[in-house]
Amino acid sequence: MSEEQSFTLDGRRVPFQAGQTIMAAALAAGVYIPHLCFNREFAPHGSCRVCLVGVNGRMQAACTTPAAAGQTVESETGEIREIRRGILQMLFVEGNHVCPACEKSGACQLQAVAYYVGMLAPHYTHFYPRRPVDASHPEAVIDFNRCILCELCVRASRDVDGKNVFAVQGRGIEAHLVVNTPSGKLGATDFSIHDKAAQVCPTGAILTKHRGYEIPIGQRLYDRKPISVVGDVATLSESKGGRRHD
Amino acid sequence: MAEPDALIQTVHDIVQRHGGMPTRLLQILREAQDSLTWLSPETLDAVAGKLGVSPDKVRSVAEFYSFLYTAPRGSYDILFSDNITDRMLGNRELLHALCDRLGVGIGETRADGVVTVGTTSCTGMCDQGPAALVNGYALTRLDPPRLDRIVELVNGQIPLTQWPREFFEVVSNIRRADILLGRHFADGAALRAVLKRGPEAILEELVKSGLRGQGGAGFRSGAKWVSCRNAPGEVKYVVCNADEGEPGTFKDRVLMQDFADLVFEGMTLCGRVIGARQGFVYLRGEYRYLLDALKATLQRRREAGLLGAAILGDPTFNFDIDIHLGAGAYVCGEESALIESLEGKHGVPRIRPPFPTTHGYLNQPTVVNNVETFATAAKIAVEGGAWFANRGTAESKGTKLLSLSGDCKRPGIYEYPFGVTVRRVLDDCGARDAQGIQMAGPAGHMISAKQFDRRICFEDLATGGSFMVFDQSRDILDGIRNFTHFFVHESCGFCTPCRVGTSLMRDLVTKVHTGHGTRYDLEEMRKLGRIMRVACHCGLGQTAPNPVLDSLDQFPESWERRLRSTAFEPAFDLDAALEQARQLTGRSDPGAYLREEELMLGTMP
Amino acid sequence: MIESKLKIATCSLAGCFGCHMSLLDLDERLFELAERVELDRSPLTDIKELGECDLGLIEGGVCNAENVHVLMEFRARCKILVAIGACALNGGVPAMRNQYDLKDCLEESYLRGIGLVNPQIPNDPEIPLLLNQVHPLHEVVKIDYFLPGCPPSADAIWTFVNQLLSGQPLALPYTQIHYD
Ligand SMILES: Cc1cc2nc3c(=O)[nH]c(=O)nc-3n(C[C@H](O)[C@H](O)[C@H](O)COP(=O)(O)O)c2cc1C
Ligand code: SF4
Ligand code: SF4
Ligand code: SF4
Ligand code: FES
Ligand code: FES
């Protein structure tokens with residue numbers, strides 16, 4: 001066996017294997033680093049920037065930065081928390097997140113990460129973009145107002161389901177999720193709620209129809225314990241309140 | 001519009017010409033648009049079908065680049081360069097005048113489909129602006145008489161080929177030459193040197209020379225070439241970054257126009273040194289006017305045995321160069337986004353590491369260097385590392401090309417040994433009355449007169465070459481606001497802090513600039529800027545707040561002048577927000593207004 | 001020793017009064033609160049004029065001209081101003097109308113609605129004019145503290161008010177932070 005290597009994360013020793021990222025090593029060691037576009041079943045993406053950590057004093061995304069022996073990694077500092085909070089706030093004002101009217105509320109990763117970083121309010125000026133809701137599919141609905149462009153559905157549909165149902169188009173603040181059909185409607189695709197793409201959305205943008213508000217407030221996934229303890233909704237099995245079909 | 005069959009045939013021919021290669025997608029779309037004026041859904045589907053790639057890939061490329069149009073455009077597509085230096089030269093007046101005369105709104109296409117007028121980021125003609133592009137070709141030195149002619153030409157639907165040549169004349173304005181621009185270079189000399197002395201010896205010279213990347217980041221070129229040479233992989237590539245998107249920079253344009261042989265020689269040299277057989281020039285779309293001449297130069301070099309198979313008669317020396325045109329995306333100057341674009345994709349920067357030297361074009365080891373870096377490397381191969389290292393400072397050897405524009409008598413290209421002071425440059429270019437410099441473009445640094453004794457070199461003020469002068473008559477905030485718009489337009493949208501942060505920053509700056517801001521907003525700008533600096537995925541977002549943060553430090557009075565004395569001001573115009581309701585109800589009673597004097601605006605106990 | 005009571009004012013702008021209901025949910029803790037604070041203008045009192053206050057609690061976002069006036073008056077008279085509830089923080093459900101032009105909203109309600117007699121868009125000066133969009137409070141005035149929830153629970157309000165009154169740093173337990 002190769003000699004075990006390690007770095008320190010907030011003073012704690014974290015072992016890693018060659019090729020692992022800081023995120024993967026931390027996860028394996030049971031240390032939570034907040035994240036949105038990262039899902040351990042997929043290659044890292046590095047777009048949400050919520051997983052920012054200080055690596056030897058330089059800010060880097062934990063999900064894309066290779067672990068190296070002797071690194072000093074900081075995660076839960078006041079400064080980093082503030083930056084993460086700022087990034088979350090940007091995501092909230094960029095879209096339209098009316099949590100009280102969202103079926104995902106209580107089991108939403110975006111919301112849970114925002115709680116975790118202590119976000120009380122969105123702080124910035126709201127964009128109030130006008131985005132559609134697509135209910136054309138018999139089993140699922142897409143509310144583009146809640147999409148944070150993590151591209152997990154894009155990756156899942158393309159790489160796991162082999163259907164390539166989703167894509168991101170446009171540049172800059174115009175970037176937006178689209179459904180790959182001439183009509184742009186989900187109903188015109190072969191998307192199914194059994195697809196991986198239906199399970200990975202960290203927000204309430206992709207929802208299963210006919211089963212909203214099933215769990216009473218107070219008992220939902222993130223109602224009592226933070227995401228650092230509970231885990232990601234997309235990687236927990238359905239029996240544990242998550243969305244992963246086993 | 002083309003008939004369906006004609007459209008399919010056009011697309012078919014273009015795709016054929018590009019060998020049906022998906023890596024040529026951007027080039028194919030550019031040419032399809034040239035023929036068909038815009039990229040209709042049918043055109044995109046036809047391209048996808050012929051290339052055998054999924055339609056969404058094609059669409060995402062078409063939607064990414066600002067010179068590709070997925071909605072109809074006029075047969076004459078006029079885009080005014082809207083850099084702050086164009087504005088200093090009065091481009092806004094010209095733009096409005098042209099729109100009035102042509103009867104078209106900014107950013108709109110005239111109802112008869114003949115003409116579209118809009119704006120674009122800096123086109124690299126800052127020393128000969130106000131500038132514009134018409135159907136992708138550079139127009140320089142616009143003035144009212146030229147505008148009059150253009151109105152006639154457009155309304156008369158005169159083909160571009162019959163427009164006066166002088167409208168398209170691009171001059172080089174080389175004002176100061178040193179070892180790069182000043183000394184004669186015999187074509188092929190660097191290639192003979194590498195054949196004679198061997199790649200290792202040339203690499204040694206390059207390392208000894210201390211040459212650092214001239215694109216701005218200053219990575220040591222010798223180390224880059226060594227690392228690529230040593231990287232495992234049979235197939236390697238050389239990429240010349242001629243994207244030159246940083247507003248205020250135009251030195252690469254001059255090199256490509258007047259010294260193309262030297263640049264190609266540097267690339268070929270690099271090919272020999274690292275063991276590559278293929279090179280690419282990624283030429284920004286704005287420099288398309290250079291394309292034919294560059295292709296001719298390549299052909300001449302092939303015929304002279306300086307390019308292609310068996311260079312200088314050596315059967316083991318094979319290297320060729322292909323030119324890719326960009327299509328209006330500053331982010332594609334970032335080396336990994338550039339590689340994505342070269343591969344025919346939209347230009348989102350990759351996760352780094354791995355770096356291009358090990359995983360570049362098609363994931364093979366690739367050297368990406370700036371135009372000036374290649375040109376300089378060719379000279380070093382001939383003259384030796386010591387010759388080069390003689391000039392400059394301890395950490396910044398040799399010389400640097402600066403692109404001077406803005407408020408100075410003699411804008412143009414100046415070559416200086418590294419270490420020259422800002423003051424010296426200002427004296428030379430005839431900038432008498434400067435209050436500040438935007439150094440290295442919007443992504444660089446803004447400095448005030450107090451700092452004019454600073455030196456241009458990596459130890460002090462690093463630069464890719466942009467040097468924009470603001471004299472005392474200017475409002476610095478005009479520049480800052482212009483730059484924040486630039487970054488909103490150019491953000492690729494991949495990562496949160498840049499995609500959202502650039503818009504937030506623009507809005508804050510606009511708020512203060514238009515006299516609606518308070519000290520609170522300045523603090524907000526600082527906080528936002530600090531997040532963007534450290535949190536963004538690539539250099540674009542990381543540097544986007546620089547002009548704001550620098551000017552807050554360097555020109556506090558420019559900001560303070562604009563501030564209201566209140567503690568806080570709303571994020572939007574309250575009274576204007578009632579206008580729609582006033583119209584819908586026809587009300588004009590006092591309650592139908594939110595007049596500032598009647599509000600307890602910004603009052604705090 | 002007579003300690004002067006802290007003065008608190010509350011109001012509901014573009015909200016549903018849910019947050020005020022939550023305040024009433026403090027139940028018997030209201031007595032304890034009443035010992036320490038005195039209510040100034042609030043839907044719970046009948047005081048119409050806002051006096052100088054130590055603390056202002058506002059639910060609801062800003063949807064019309066009257067909201068703007070009230071909010072600014074609160075800002076001017078309250079030392080500390082707190083935005084309470086989802087609507088105050090991000091516009092909430094009322095801001096869902098921001099998806100449409102005001103014209104469409106008004107025409108849908110007053111011209112095209114079912115069963116309308118004499119359809120017309122109301123233009124009585126007594127009715128506050130609508131802003132073209134609904135905004136959260138912090139886009140109009142400086143807000144000192146935010147308390148999320150739709151509505152925030154009575155427990156959250158209690159924790160918050162207690163920490164504020166006793167000058168402790170604000171730190172809500174995990175279960176008291178939620179956006180819905
Ligand atoms: C947003 C952005 C734009 C860039 N644009 C250019 C460019 O136009 N030309 C250039 O040479 N380098 C540009 N760079 C730097 C390149 O990433 C890379 O460092 C450079 O091409 C390497 O060549 P050099 O070492 O010879 O300078 C840009 C970087 C960023 C982050
Ligand atoms: S997606 Fe999450 S954050 Fe957005 S509205 Fe739904 S619950 Fe709230
Ligand atoms: S729909 Fe969901 S999974 Fe897809 S990009 Fe948006 S937030 Fe991510
Ligand atoms: S910083 Fe992020 S959004 Fe901006 S250009 Fe770079 S990758 Fe794109
Ligand atoms: S989780 Fe690392 S950038 Fe999104
Ligand atoms: S009124 Fe309290 S959250 Fe809407």
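Here is how names work: the chains are called A, B, and so on, in the same order as the sequence lines, proteins then strands, and each is numbered from 1. Keep in mind that the numbers below use all heavy atoms, side chains included, and drop hydrogens, waters and symmetry copies.
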B/L528 CG to A/M90 CE distance, which is reported to the nearest 0.5 Å: 5.0 Å
SG-CZ distance between B/C498 and A/R49, expressed to the nearest 0.5 angstrom: 10.5 Å
N-O pairing of A/E82 and B/K527 below 4.0 Å: no
Segment of B/A329 engaging chain A (4.5 angstrom heavy-atom cut-off): both
Residue A/I148 versus chain B: region with a heavy atom under 4.5 Å: backbone
Interatomic spacing from CZ in A/R171 to OG in B/S60 - rounded to 0.5 Å: 13.0 Å
Chain A contact via B/P497 - side chain, backbone, both or neither, heavy atoms under 4.5 Å: both
B/Y65 versus chain A, the contacting section by heavy-atom distance below 4.5 Å: backbone
Partner chain B: residue of A/A175, A/G46, A/P182 with the largest heavy-atom pair count (under 4.5 Å): A/G46
Structural part of A/V50 lying under 4.5 Å from a heavy atom of chain B: neither
B/T496 side chain to A/I87 backbone, donor-acceptor under 3.5 Å: no
A/R130 atom CZ, over 12 foreign heavy atoms within 6.0 Å: yes
Spatial distance of atom CD1 (A/I83) from atom CD1 (B/I531) [nearest 0.5 Å]: 6.5 Å
A/S47 side chain reached by B/R499 side chain, heavy atoms, under 4.5 Å: no
pair B/D56-A/Q169: side-chain heavy atoms closer than 4.5 Å: yes
A/Y124 vs B/V500, side-chain contact (heavy atoms from CB on, under 4.5 Å): CA-CA, chis, key distance, verdict: CA-CA 10 Å; A/Y124 296 116; B/V500 184; over 6 Å; no
Partner chain A: residue of B/C536, B/P353, B/A571, B/A535 with the largest heavy-atom pair count (under 4.5 Å): B/A535
A/Q17 atom CD: more than 12 heavy-atom contacts under 6.0 Å: no
SG-CG distance between B/C495 and A/L149, expressed to the nearest 0.5 angstrom: 11.5 Å
Chain B contact via A/P66 - which portion, at a heavy-atom distance below 4.5 Å: side chain
Reported CG-to-CD1 distance for the pair B/L504 and A/I173, which is rounded to 0.5 angstrom: 7.5 Å
B/S66 portion near chain A, given a 4.5 angstrom heavy-atom threshold: both
Between A/H123 and B/E524, a side-chain donor and acceptor under 3.5 Å: yes
Most chain B-contacting option - heavy-atom pairs closer than 4.5 Å, from A/N164, A/T65, A/T181: A/N164
Close side-chain approach of A/H45 to B/F494, heavy-atom, < 4.5 Å: yes
